[in-house]
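Contents: one structure, followed by commentary.
All values below come from the heavy atoms of this structure, side chains included, with hydrogens, waters and symmetry mates left out. The first residue of the sequence shown is numbered 1, and numbering continues consecutively from there.
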Amino acid sequence: MGSGPDTRIYVGDNVLLPGSPEPQPATVLISIRSGKITKVYDKLVARAEYPGIADDNWIDLGNKYLLPGLVDAHVHLNEPGRTDWEGFWTGTRAAASGGITTVVDMPLNSIPPTTTVENLAAKRGAAHGQCWTDVAFWGGVIPGNQDQLGPLVDAGVKGFKCFMIESGVEEFPCVSERDLKPAMSALKDSGSVLLFHAEVDDHPDPHPPEDPTLYSTFLHSRPERFEVDAISRIIDLQKDIPDLRCHIVHLSAAHALPLVRSAKATGHRLTVETCFHYLCLTADTIPNGRPEFKCCPPIRNDANREALWAALLDGTIDFVVSDHSPCVAELKNLEDGDIMGAWGGISTLGIGLSLLWTEGRKRGVPIGTILQWTSQKTANHAGLGERKGRIANGYDADFVIWDPDAKFTAIHIDLTSSQVTKESLQFKNKLSPYEGLILFGCVEKTILRGSTIYEGASSEFTGLEPAGILL
């Protein structure tokens with residue numbers, strides 16, 4: 001077969017091709033110059049058929065998995081303005097270490113937020129030269145900025161996020177129905193999508209909170225009805241503007257699932273995500289006085305978790321994201337254990353695939369399904385489905401070389417499982433509710449448009465350069 005010096009070939013027994021629940025033997029050709037996949041054979045091709053390929057460009061993966069790069073469509077990188085919380089450099093390195101090749105950055109908690117074209121330009125300027133993965137951007141809807149939404153679409157944002165409850169940062173206020181109607185009208189013919197933090201609190205609890213260090217106190221303060229009521233309002237708003245896709249971010253409450261199922265069944269353009277922490281953690285085992293487990297909406301009980309898994313498997317929930325939302329240690333109130341007063345956010349970049357694989361294999365979920373949830377469907381959601389999320393002709397050569405049974409730590413590799421340690425985390429503020437968990441699956445290499453951006457736990461980023469672009 002003909003090929004030239006611009007060709008690199010990956011051949012292996014376990015390549016995850018589109019539509020397949022399990023990996024299969026395949027051969028993948030890429031263009032080094034363009035970073036695109038040029039040919040995929042659903043079989044092993046012999047080395048002798050490509051005598052013109054240099055040995056360095058013939059990559060025999062053996063039985064290691066070749067997966068499409070993950071697309072995390074819900075990440076808070078916080079730059080500019082709160083780079084002590086996270087930043088493009090550290091956040092995208094953490095993403096790359098977990099097999100993520102594209103992140104979509106949320107409009108907050110950066111200062112300024114991505115609510116105007118000028119603010120988007122500031123964020124893109126801050127990101128320049130710092131990104132190890134490709135990065136796309138969500139815009140934000142806040143009261144009174146509806147005139148900015150069309151220009152932001154033209155400037156390249158992939159959609160817009162709003163809060164129906166206070167966001168926690170003053171520069172990104174929540175919206176009312178009075179704000180949402182003109183915003184939705186402004187977006188109805190744009191082909192964009194409106195993302196909702198779907199919690200509303202119309203009936204504040206008159207009773208003073210109990211012990212703020214008890215997880216049950218926090219859980220009681222954000223009941224499932226907050227999410228149910230918000231989603232009910234979103235569905236009602238859609239009736240007036242049915243052509244605008246609406247999306248529920250980080251669904252936590254299983255009691256909202258019947259609403260979602262009914263809306264989808266009656267033709268509403270509604271999509272839903274959930275997060276690694278809702279699928280892998282449970283309120284039943286969260287210790288008191290441990291604010292690193294706090295996020296909004298909260299992690300709920302085990303029965304709720306199992307209902308979310310069932311909804312993923314039946315398609316009610318569309319996909320899974322990290323909602324990586326870090327902060328500095330002081331804001332987590334670790335010393336006094338005040339959960340109620342702590343910042344609500346969980347850091348997950350770098351371990352999401354291992355988390356979901358560990359829990360998924362207990363339930364018989366194949367790796368192909370997990371990658372649909374974390375790559376193909378997230379790419380489609382962010383308007384990147386024509387170039388990201390699949391190992392297919394014409395797509396970006398974004399790959400993860402993955403060992404489903406291996407272990408990584410900061411200092412050695414074992415062959416049974418993966419223990420989460422502070423040293424193994426790449427994000428800036430190493431606060432994680434997952435510390436000490438034993439996980440399965442290890443990223444051995446992450447490849448972005450044909451270029452290696454992560455070399456596994458032994459070498460990590462040594463000798464590598466950031467290769468990410470702004471999408």
To check you understand the geometry: which heavy-atom pair defines the closest contact between [X] and [Y], and what is its length?
X      : Y      : answer
Leu384 : Ala136 : CD1-CB, 4.5 Å
Cys162 : Phe196 : SG-CD2, 3.5 Å
Val103 : Thr92  : CG2-CG2, 4.4 Å
Ser375 : Pro68  : OG-CB, 3.9 Å
Leu251 : Ala256 : CD1-CB, 4.1 Å
Leu349 : Gly91  : CD1-O, 3.4 Å

Assess the side chains of [X] and [Y]: does a donor N or O sit below 3.5 Å from an acceptor N or O?
X      : Y      : value
Asn145 : Thr115 : no
His76  : Ser325 : no
Asp284 : Thr282 : yes

Side chain of [X], backbone of [Y]: donor and acceptor closer than 3.5 Å?
X      : Y      : value
Lys264 : Gly315 : yes
Asp403 : Cys442 : no
Asn333 : Ile339 : no
Asp318 : Val272 : yes
Ser110 : Pro112 : yes
Thr102 : Val71  : no
Thr90  : Glu86  : no

Can you confirm whether [X] sits close enough to [Y] that some side-chain heavy atom of one is under 4.5 Å from a side-chain heavy atom of the other?
X      : Y      : result
Val117 : Gln148 : yes
Glu292 : Glu435 : no
Tyr278 : Ile299 : yes
Phe88  : Lys123 : yes
Trp89  : Thr83  : no
Phe399 : Ile37  : yes
His381 : Val104 : no
Arg305 : Glu359 : yes

Centres of the [X] and [Y] rings: under 6.0 Å?
X      : Y      : answer
Tyr215 : Phe293 : no
His197 : Trp138 : no
His74  : Phe319 : no

Salt-bridge contact Arg449-Asp134 (side-chain N to carboxylate O under 4.0 Å):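 Salt bridge: yes.
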
State whether Arg124 and Asp105 are salt-bridged, where the test is any N-O pair (Lys NZ or Arg NE/NH1/NH2 against Asp/Glu carboxylate O) under 4.0 Å.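 Asp105 and Arg124: not salt-bridged.
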
Can you confirm whether Glu306 is buried at CD, in the sense that more than 12 heavy atoms of other residues, nucleotides or ligands lie under 6.0 Å from that atom?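 More than 12 within 6.0 Å, yes.
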
Would you compute the distance between atom SG of Cys275 and atom CG of Leu308 and round it to the nearest 0.5 angstrom?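 Going from the SG atom of Cys275 to the CG atom of Leu308 covers 10.0 Å.
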
